[in-house]
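Written below as structure tokens is the structure these notes are about.
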Amino acid sequence: MSNKEAVIELVKRLPSDVSLREIAQEIEFIAAVQEGLDEIDQGKGIPIEEVEKMIDSWTIK
């Protein structure tokens with residue numbers, strides 16, 4: 001699915017009273033997720049073990 005098609009499908013799923021700002025936020029979210037998936041496909045992801053260590057450092061013990 002192309003980016004244009006993804007946005008069209010997104011807009012179709014949104015309620016009719018959605019604001020332009022909310023539409024823009026949804027598009028930004030989808031773009032960020034797609035960028036992350038593209039990075040993973042390119043081998044640029046962070047191994048889950050490193051993520052778990054990062055999360056552990058954020059929590060109070």
Side-chain angles (χ1 to χ4, degrees):
M1 178 181 302
S2 72
N3 291 331
K4 180 179 177 179
E5 292 168 332
V7 169
I8 291 169
E9 288 303 312
L10 164 71
V11 172
K12 286 180 182 179
R13 290 192 313 265
L14 293 173
S16 59
D17 62 344
V18 68
S19 71
L20 289 175
R21 183 168 306 283
E22 291 170 320
I23 293 170
Q25 289 171 339
E26 291 289 332
I27 293 170
E28 286 181 34
F29 176 76
I30 288 176
V33 169
Q34 187 59 53
E35 287 174 14
L37 293 173
D38 291 345
E39 287 180 6
I40 289 171
D41 289 345
Q42 297 168 11
K44 297 180 181 178
I46 300 172
I48 189 65
E49 296 81 13
E50 288 185 41
V51 173
E52 289 171 344
K53 289 177 187 174
M54 291 166 51
I55 292 172
D56 284 343
S57 72
W58 300 337
T59 58
I60 300 173
K61 295 183 179 180

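Each residue takes its place number in the sequence, starting with 1.
Within 6.0 Å of CD1 on Ile48 lie more than 12 heavy atoms contributed by other residues, nucleotides or ligands. The number of heavy atoms from other shown groups lying within 6.0 Å of CD1 (Ile46) does not exceed 12.
Val33 and Ile40 are not part of a single hydrophobic cluster, where members link through side-chain heavy atoms under 4.5 Å apart. Tracing side-chain contacts under 4.5 Å through hydrophobic residues (I, L, V, M, F, W, Y), one never reaches Ile8 starting from Leu10; they form parts of separate clusters. Two different hydrophobic clusters hold Met1 and Ile27 under the rule that ILVMFWY side chains link at heavy-atom gaps under 4.5 Å.
Not counting sequence neighbours, the partners of Met54 by the side-chain contact (heavy atoms from CB on, under 4.5 Å) test are Trp58. With sequence neighbours left out, the side-chain hydrogen bond (donor to acceptor under 3.5 Å, both in side chains) criterion links Asp38 to Gln34.
Salt-bridge check for Glu50 with Lys53: failed, with every basic side-chain N at 4.0 Å or more from each acidic carboxylate O.
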